[in-house]
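In what follows, a single structure is set out as structure tokens and then discussed.
Lettering follows sequence order; numbering is per chain, from 1.
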Amino acid sequence: MTRLLFFGRLRDVAGQGERLVDLPADIGTVGELRAWLANEDADLGAALQAGGIHVVVDQVLRNGAAVSVRGAREIAFMPPLSGG
Amino acid sequence: MTRLLFFGRLRDVAGQGERLVDLPADIGTVGELRAWLANEDADLGAALQAGGIHVVVDQVLRNGAAVSVRGAREIAFMPPLSGG
Amino acid sequence: MIRASVSLEPFSPDAEVARFSSLRGDGCGAVVTFIGYCRGRSKNRAVTQLELEHYPGFTEAEISRLATAAGEKHDVKDLLVIHRAGAIATGDPIVLVAAMSAHRAAAFAAVEELMDYLKTDAPFWKRETGPDGAHWIEPTAEDRIRREERAK
Amino acid sequence: MIRASVSLEPFSPDAEVARFSSLRGDGCGAVVTFIGYCRGRSKNRAVTQLELEHYPGFTEAEISRLATAAGEKHDVKDLLVIHRAGAIATGDPIVLVAAMSAHRAAAFAAVEELMDYLKTDAPFWKRETGPDGAHWIEPTAEDRIRREERAK
């Protein structure tokens, strides 16, 4: 199981802050994960493709569609930071 | 009676921080006051002539030998400020 | 020491600063603190509630990393950061930053630098609720400019 | 409000800051404080005692004037200054400056500016006693330079 986290306005779009999913074996990258999510929820897919979205894989900031998500336990999608 | 105040190293030279004096009637300015004090105490006179000494007459900063001391109740001699 | 934490409950800046400054050695000549409070207005809109969402673990690590960077840049070894998350009432403290150093310039610089970092780079998502509903907030242009000025 | 005082007894910066910040309105977003402590060393000499002589009445009036100038320059209306005088033990607070404002830049600027003023222009005469005797202290070249930079 992989835990997906959505923050800020992405949480609103996703409808919840956290989703536990079984990723299909053919999903190996952030780009493939986004496409898979868009397939089920077009609004969420569009929001994840927008500019300024950062991806954190197992608590490490990893940007770019090619970043691997294989074996990841936690993948977070972060909209632009509000700051403190 | 006029109260003379000496601060910092001037206090050390004067031997005390405060002196109550009866100023002679012919002493009308800071310059005349310094000369009068020097007459009694050459070391103090020299210290009061040194650079950076500020004079405060009745709690108002008033620099220059020509400043009037007539009617003053309190005259303070301040060496360069150490700051806070 | 660099101490960074996120608090889900209201905290007392006075008590935290007292504890922090009690740890100073006799070479410490300066303690600078900044406390940011939740204002009742933001950009001329009334604010009735502020919510700060954070990413547990990641947010603390990022704040700690920013504090370490600000400390190293200004040669300040002792820094404290406490940042609220959750629902914050008007008038409550949001962030406390404190620094101690031998002389004042370093402590001032470290606290200001760290606040500039936090304002733009801390992983928080801020939602303000007012009479006209809730809004997600992003850093202001002024915050970005201060941050960029610092980076020069 | 501008509050400036000289204290002949040790004071608690924590209690004073708590009182000051409790007076903030809901438009206040920032409180900045500086606390200067008596160090055990000065310019690589050990210091066993520090004495700060002041001119009662005149010193308070001058500090108040400097605080008003710093506040007006940065549009900060609420400033607190407490300055020790007398014999000060190593580790004791010497000066507290606190400012509150809507946004942080003004409060930081007012506190730093006022500290720069105080370091060179406050009517105090400072005597440090160490193993090699007592010395009267004048502002450092660094203090004067900071002060002049500010004046530009």
Item to complete: Take C:Glu53 and C:Trp136, measure what side-chain contact (heavy atoms from CB on, under 4.5 Å) needs, and give me the verdict at the end.
Response: CA-CA 10 Å; C:Glu53 193 177 6; C:Trp136 290 102; 3.5 Å; yes
Worksheet item: Could you state the interatomic distance from CD (C:Glu62) to NE2 (C:His83), rounded to the nearest 0.5 Å?
Response: 13.0 Å
Worksheet item: Side chain of D:Asp78, backbone of D:Met1: donor and acceptor closer than 3.5 Å?
Response: yes
Discussion item. So D:Asp116 and D:Thr120, do their side chains get closer than 4.5 Å, heavy atoms only?
Written reply: no
Discussion item. So which residue, C:Ala18, C:Gly91, C:Gly36, ends up with the most heavy-atom pairs under 4.5 Å with chain D?
Written reply: C:Ala18
Discussion item. When you measure from the side chain of C:Thr59 to the backbone of C:Tyr55, do you find a donor-acceptor pair of N or O atoms at a distance under 3.5 Å?
Written reply: yes
Worksheet item: For chain D, which residues from residues 19-33 of chain C have at least one heavy atom closer than 4.5 Å to it?
Response: C:Ser21, C:Arg24, C:Asp26, C:Gly27, C:Cys28, C:Gly29, C:Ala30, C:Val31, C:Val32, C:Thr33
Discussion item. Checking the side chain of D:Ser101 only, and the main-chain atoms of D:Ala107 only, is there a donor and an acceptor separated by less than 3.5 Å?
Written reply: yes
Item to complete: For residues D:Arg104 and C:Lys119, determine if any side-chain heavy atom of one lies less than 4.5 Å from a side-chain heavy atom of the other.
Response: yes
Practice prompt. Report yes if the side chains of C:Phe34 and D:Val111 come closer than 4.5 Å at any heavy-atom pair, otherwise no.
Written response: no
Worksheet item: Measuring heavy-atom distances to chain C, does D:Met100 have an atom under 4.5 Å in its side chain, in its backbone, in both, or in neither?
Response: neither
Discussion item. Is D:Ala105 close to chain C through its backbone or its side chain, or both, or neither, when contacts mean heavy atoms under 4.5 Å?
Written reply: both
Fill in: Part of D:Ala102 within contact of chain C (heavy atom distance under 4.5 Å)
both
